[in-house]
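Single-structure report; data block below.
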Amino acid sequence: MLEKQQIAKELRQLFPLTIVKKNEPLNKYTYTKTGGAGDIVVFPNTKEDVQGIVKWVHEHKVPLTILGNSSNVIIKDGGIRGVVMILTDLNEVEIKKNKLIVQSGASIIETAQKALSANLTGLEFACGIPGSVGGAVFMNAGAYGGEVKTVIKSVEVVTIEGKRHVYSNEEMAFGYRTSVIQERGDIVLETVFELEKGKFEHIKEKMDELTELRESKQPLEYPSCGSVFKRPTGYFTGKLIQDAGLQGKIWGGAQISTKHAGFIVNINNATATDYLELIAYIQKTIKEVYDVTLETEVRVIGENLVENIAAVPS
């Protein structure tokens with residue numbers, strides 16, 4: 001692989017409008033406030049630059065990692081090798097009649113607010129999801145009975161080889177916290193949401209209700225990665241953890257939230273390793289007590305700071 005200095009130099013020359021940073025701490029961008037450094041971190045603000053950078057790294061065999069708002073991700077303490085592309089500068093939202101055409105780095109919360117301003121209903125459930133549109137599409141994000149798959153008309157992507165492609169809703173193969181994007185490794189560029197006309201006061205009332213519900217139940221006062229685990233069939237994750245006597249457990253600087261046991265919060269300069277060891281401890285305990293396997297919803301990427309994560313104590 002090319003040296004970091006050479007990668008940074010070439011990307012700056014080829015894409016002068018894209019910010020390029022070297023050895024950039026990624027804990028500045030994650031919701032958990034944890035994670036090591038990225039070798040090269042780029043912030044493109046046009047679809048053309050995204051496509052060009054993807055082509056370049058593919059041709060030069062440089063590893064590429066894509067991040068949006070980094071709200072449901074844990075980056076390991078050893079950081080990420082190669083190029084990290086953060087898409088938050090690719091954030092335009094266009095309204096055309098009952099459609100919202102939204103670039104992948106736009107906040108899904110702000111997109112829901114744009115829908116409200118245009119008297120469009122269908123995205124109310126997303127008014128508190130703290131991720132980017134690209135991330136929401138990637139994992140078919142949902143809350144309070146809604147999922148993005150129900151309001152998506154099409155998704156424009158760039159493939160890992162650097163080719164542009166548009167998927168219909170059906171081609172996206174949405175499932176519970178999954179989509180075809182996860183299988184193929186495509187990068188979301190733009191999403192078309194198809195909504196319905198509604199009344200401003202009704203839409204706002206629903207959003208206010210969901211915001212109040214979220215604020216009362218979720219530990220928004222601390223950094224966190226959102227909901228850590230997928231919901232196992234027939235169970236509620238938070239209740240399993242609570243009933244197992246784990247709520248409030250502290251591991252390093254991380255804690256199982258005393259407000260909602262499905263969340264792990266950073267209460268005292270936690271590391272990614274603290275998070276991962278606590279996640280493993282929860283999974284081990286729930287398996288032993290209830291014979292239920294908890295799968296992570298949060299995405300874990302990057303490299304360990306040391307060779308192996310410490311063994312979970314028995």
Side-chain angles (χ1 to χ4, degrees), residues 44-48 50-51 66-72 86-159 164-184 186-211 213-214 226-227 297:
N45 59 15
T46 68
K47 295 195 289 184
E48 291 71 26
V50 174
Q51 182 180 14
I66 306 297
L67 294 175
N69 275 12
S70 301
S71 60
N72 200 218
I86 297 181
L87 294 174
T88 46
D89 288 349
L90 190 74
N91 55 19
E92 292 181 5
V93 180
E94 183 182 1
I95 301 170
K96 284 190 176 178
K97 295 184 178 178
N98 68 322
K99 294 183 178 67
L100 263 63
I101 303 158
V102 189
Q103 292 184 338
S104 62
S107 154
I108 190 72
I109 292 175
E110 290 178 12
T111 302
Q113 289 291 337
K114 291 273 188 181
L116 168 65
S117 69
N119 300 327
L120 294 173
T121 181
L123 265 177
E124 290 89 333
F125 71 90
C127 67
I129 297 175
S132 65
V133 166
V137 171
F138 176 86
M139 66 176 297
N140 184 26
Y144 303 113
E147 291 180 305
V148 294
K149 72 174 184 179
T150 62
V151 287
I152 286 176
K153 180 175 175 59
S154 62
V155 179
E156 183 185 12
V157 304
V158 57
T159 68
R164 302 260 280 265
H165 178 75
V166 176
Y167 289 111
S168 67
N169 184 298
E170 294 75 21
E171 290 170 330
M172 284 295 295
F174 286 117
Y176 176 62
R177 301 297 176 260
T178 188
S179 72
V180 74
I181 303 289
Q182 294 184 28
E183 298 170 21
R184 298 191 181 178
D186 301 326
I187 297 111
V188 178
L189 292 175
E190 191 171 84
T191 300
V192 178
F193 293 97
E194 191 166 38
L195 307 174
E196 295 180 4
K197 277 292 180 184
K199 291 189 175 180
F200 180 90
E201 57 269 24
H202 293 166
I203 300 167
K204 188 174 188 307
E205 183 181 357
K206 183 64 175 176
M207 289 172 69
D208 288 346
E209 177 191 327
L210 293 179
T211 298
L213 190 62
R214 178 172 175 262
S227 184
E297 179 175 309

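Positions are given from 1 along the sequence. Both backbone and side-chain heavy atoms feed into the values below; hydrogens, waters and symmetry mates do not.
Qualifying ring pair (Phe, Tyr, Trp, His ring centres under 6.0 Å) partners for H165, counting only residues two or more places apart in sequence or in other chains: Y167. Qualifying side-chain hydrogen bond (donor to acceptor under 3.5 Å, both in side chains) partners for K204, counting only residues two or more places apart in sequence or in other chains: D208. Considering only residues two or more places apart in sequence or on other chains, T159 meets the side-chain contact (heavy atoms from CB on, under 4.5 Å) condition with E161, K163, D186. Remark: N72 engages no residue in a side-chain hydrogen bond (donor to acceptor under 3.5 Å, both in side chains) (not counting sequence neighbours). Annotation: side-chain hydrogen bond (donor to acceptor under 3.5 Å, both in side chains) contacts of E171 (sequence neighbours excluded): S168. Residues meeting the side-chain contact (heavy atoms from CB on, under 4.5 Å) test with S70, sequence neighbours left out: T30, L67, V73. Every side-chain hydrogen bond (donor to acceptor under 3.5 Å, both in side chains) that Q51 has, sequence neighbours left out, goes to R164. The side-chain contact (heavy atoms from CB on, under 4.5 Å) test applied to S227 returns E297, not counting sequence neighbours.
Taken to the nearest 0.5 Å, the CE atom of M172 stands 9.5 Å off from the OG1 atom of T178. For the atom pair CD (E194) and NZ (K153), the distance works out to 5.0 Å, reported to the nearest 0.5 Å. Atom CD of E205 is separated from atom CD1 of I203 by 11.5 Å, given to the nearest 0.5 angstrom.
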Show every donor-acceptor pair shorter than 3.5 Å between a side-chain atom in residues 106-130 and any protein atom, with sequence neighbours excluded, or say none if there are none.
| from | atom 1 | to | atom 2 | distance (Å) |
| --- | --- | --- | --- | --- |
| S107 | OG | I109 | N | 3.1 |
| S107 | OG | E110 | N | 3.1 |
| T111 | OG1 | S107 | O | 2.8 |
| S117 | OG | K114 | O | 2.6 |
| T121 | OG1 | E124 | OE1 | 3.4 |
| T121 | OG1 | E124 | OE2 | 2.5 |
| E124 | OE1 | G122 | N | 2.7 |

Taking distance alone, no hydrogens or angles, what donor-acceptor pairs closer than 3.5 Å link side-chain atoms of residues 86-100 to residues at least two apart or in another chain?
| from | atom 1 | to | atom 2 | distance (Å) |
| --- | --- | --- | --- | --- |
| N91 | ND2 | T88 | O | 3.1 |
| N98 | ND2 | L195 | O | 2.9 |

Using residues 143-151 as the side-chain source, report each donor-acceptor pair under 3.5 Å to any protein atom, sequence neighbours left out, with the distance given to one decimal.
| from | atom 1 | to | atom 2 | distance (Å) |
| --- | --- | --- | --- | --- |
| Y144 | OH | R214 | N | 3.4 |
| E147 | OE2 | N140 | ND2 | 3.3 |
| T150 | OG1 | E147 | O | 2.8 |

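Minimum heavy-atom separation, R177 to Q182: O-NE2, 3.1 Å. In terms of heavy-atom proximity, S132 sits nearest to S104 at CB-O, 3.4 Å. Closest heavy-atom contact between V137 and F174: O-CE2, 3.5 Å.
With a 4.5 Å cut-off on side-chain heavy atoms, V188 and V133 do not count as touching.
Surrounding NZ of K199 are at most 12 heavy atoms belonging to other residues, nucleotides or ligands under 6.0 Å away. Residue E201 places its CD atom among more than 12 non-hydrogen atoms of other residues, nucleotides or ligands, all under 6.0 Å distant.
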